Amino acid sequence: MNITVIGAGYVGLVSGVCYAELGNQVICVDKDQAKLDILRNGAIPIYEPNLQELSLKNMAAGKLSYTSDLHRAVQLSDIVIIAVGTPSLANGEADLSYIDQAADEIAEAMNGYKIIAVKSTVPVGTNERVRDRIRRLTSERFDSISLPEFLREGSAVQDTLHPDRIVIGADSQSAADTMAKLHAPLTDQIVMTDIRSSEMLKYASNAFLATKISFINEIANICEKVGADVTQVAQGMGYDNRIGHSFLKAGIGYGGSCFPKDTRALIQIAGHVDYEFKLLRAVVEVNQDQRFKMIRKLETIFDGNLQGKTIAIWGLSFKPNTDDVRESPALEIVQHLVNSGAVVKVYDPIAIPNFRRMYGEDGVVWCEGALEAAADADALCLLTEWDEFIHVDLNQLQTVLRKPILIDGRNVFKEEDLAGTAFIYYSIGRPSLNQGVKEEVLALHY
Ligand SMILES: NC(=O)c1ccc[n+]([C@@H]2O[C@H](COP(=O)([O-])OP(=O)(O)OC[C@H]3O[C@@H](n4cnc5c(N)ncnc54)[C@H](O)[C@@H]3O)[C@@H](O)[C@H]2O)c1
Ligand SMILES: O=c1ccn([C@@H]2O[C@H](COP(=O)(O)OP(=O)(O)O[C@H]3O[C@H](CO)[C@@H](O)[C@H](O)[C@H]3O)[C@@H](O)[C@H]2O)c(=O)[nH]1
């Protein structure tokens, strides 16, 4: 099939490359000339495992190209997929301006029947809005499809080529059948819904996963007070098939370009129909508090005064294996430490350039290695569970830190890893591992 994907970001680029890998003829369109230059040169503008190889391979095979010429790309395609951003507006609603612009540009390029699919995460009713905008500008026939995306950053290629399910929201059987045929090589689990249900299904999925995370984080907070270990609790819960093991990792909470924005948007969607989504509001609030657990811990250890203390930060991306720092907990944690007068030394294997762009230079020492960041620090905070940190030599780490204080925001280390070390170690929801942290101090704060 001839496919145009509009927006070559984390979703559009991965989708476009994977559609080409399936044997389709794909054009990826983006407005960002710098991104296009990188792509045309055989590189990729984001960090995503296996993506560059597949992009190169399919470009070489003549199945994949990159352009800013949306008009021509649309004219050459039978299927047009919109994958532009839908960031948060100040009030939490999704900003649909990129969607509107893409719809108008598609309308102007229409030269015969096409399927127009929205892959971006959009509020219920947006496919109808897109349809109306296009209809205003062209009399050409087309069908609308809602095609929500469920890939995760860091494993986006794997998720796209082996999805749990494909959801197709349609009101035209023939268009739905064409989209089902396109995705048939990927999975047998193709879920057909009406358009509004498909739009809702995406938000409901993200909100549910975010709820699992905030739920386990609250359980972790209680575990700390009652002397239970959240990792053992989550493990035992997960064996119940109705609960499952995934998304029960306690830590400093969720970040990224999706959960924070989509939970806020769903609260707004509900509000517009006069429904207060109380549960989801609590999920967001718990998540916001959770990232400050690290700070509270540091303040406890240093008697409320971080002025002049050197704090090392390991991990800036919102999760491992991505360079994405959008709504990463690290942004607020670093800012808070800087504001408290600490000297903040940071290291991330991949995400420093993006973090610098988003955060700025304010009060941060950028380091090129994990041990360099830890050197002479009064405490080390692990924010992202990169492999490099998980496999660190703790004995060596202990010798480079000024004080062996390790605050593990992702529960990476186990009791046996710490055995024989002198770390004052604090993790989330595992009081028995909180070595060296004074009982009365813990009691005061948890
Ligand atoms: N990032 C994820 O993991 C993920 C997963 C599932 C769904 N989503 C959803 O997918 C959508 C895209 O997310 P993303 O992370 O890929 O965004 P992104 O910001 O990485 O990419 C969007 C791209 O669209 C381009 N663009 C915007 N308007 C354009 C236009 N009119 N013509 C051509 N290009 C245009 C931008 O230049 C940018 O490169 C969002 O709605 C998001 O919620 C994201
Ligand atoms: O048990 C867990 C699992 C995740 N997280 C955090 O949750 C955030 C999101 O993680 P993840 O879901 O793996 O990454 P995303 O790439 O944001 O993917 C989510 O958001 C995408 C955008 O909508 C969806 O497509 C995916 O299905 C959905 O998992 C990260 O900060 C993780 O550290 C936890 O704290 N505990």
Side-chain angles (χ1 to χ4, degrees), residues 4-16 28-36 39 45-46 48 66-71 73-74 81-88 94-106 118-123 126 147-156 159-160 163-165 202-203 205-210 212-217 220 230 234 238 244-263 265 287 290-291 315 317-322 324-330 383-385 409-411 428:
T4 281
V5 181
I6 301 179
Y10 285 86
V11 165
L13 178 57
V14 174
S15 307
C28 287
V29 179
D30 208 285
K31 284 193 164 331
D32 184 335
Q33 200 53 51
K35 231 175 226 189
L36 292 172
L39 288 164
I46 55 173
E48 192 58 55
Y66 299 105
T67 182
S68 59
D69 189 348
L70 184 147
H71 195 93
V74 168
I81 297 176
I82 302 176
V84 298
T86 48
S88 283
D95 177 356
L96 296 179
S97 57
Y98 299 105
I99 296 274
D100 287 346
Q101 198 190 359
D104 293 352
E105 291 178 44
I106 293 167
V118 177
K119 197 176 249 309
S120 304
T121 303
V122 290
T126 304
L147 185 68
E149 178 54 65
F150 299 95
L151 65 79
R152 290 162 302 173
E153 291 180 19
S155 55
D159 288 351
T160 304
D164 287 346
R165 81 302 208 185
K202 170 65 193 176
Y203 281 108
S205 301
N206 274 1
F208 186 73
L209 293 170
K212 276 186 104 174
I213 297 170
S214 280
F215 180 86
I216 202 65
N217 281 334
V230 72
H245 283 106
S246 60
F247 283 75
L248 287 183
K249 278 202 221 103
I252 53 170
Y254 60 78
S257 68
C258 293
F259 287 174
K261 139 178 116 58
D262 294 345
T263 46
N287 192 59
Q290 198 67 13
R291 54 188 59 175
S317 56
F318 77 100
K319 61 182 279 191
N321 300 321
T322 179
D324 199 346
V325 299
R326 289 179 285 183
E327 304 221 24
S328 174
L383 306 190
T384 317
E385 64 276 37
R410 297 291 181 184
N411 287 352
I428 310 283

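Counting begins at 1 with the first residue of the sequence. If you're wondering where the values come from, they're calculated on a predicted model, not measured in any experiment. Both counts, for ligands and for their atoms, begin at 1 and track the order of listing.
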Could you check whether any side-chain N or O of Asp30 sits under 3.5 Å from a backbone N or O of Gly7, counting only pairs where one atom can act as donor and the other as acceptor? no

Nitrogen or oxygen atoms of Thr121 and ligand 1 under 3.5 Å apart: yes

Look at atom 20 (O) of ligand 2 and say which protein heavy atom is nearest, naming residue and atom and giving the distance to 0.1 Å. Cys258 CB, 3.3 Å

Closest protein heavy atom to atom 41 (O) of ligand 1, given as residue, atom name and distance to 0.1 Å: Thr86 OG1, 2.5 Å

At the 4.0 Å heavy-atom cut-off, does Lys202 count as touching ligand 2? yes

Non-hydrogen atom of Gly255 closer than 4.0 Å to ligand 2: yes

Among residues at least two apart in sequence or on other chains, which ones pass ring-ring contact (aromatic ring centres under 6.0 Å, His included) with His71? none

Region of Glu105 that comes within reach of ligand 1 [heavy atoms, distance under 4.0 Å]: side chain

For Leu248, counting its heavy atoms only, list the atoms of ligand 2 lying under 4.0 Å from any of them. 1 (O)

Atom pairs and distances, donor-acceptor, side-chain atoms in residues 247-254, under 3.5 Å, two or more places apart:
none

Looking only at distances, please establish whether an N/O atom of ligand 2 is found under 3.5 Å from an N/O atom of Asn206. yes

Face-on cation placement of Arg326 at Phe318 ring, 6.0 Å and 45° thresholds: no

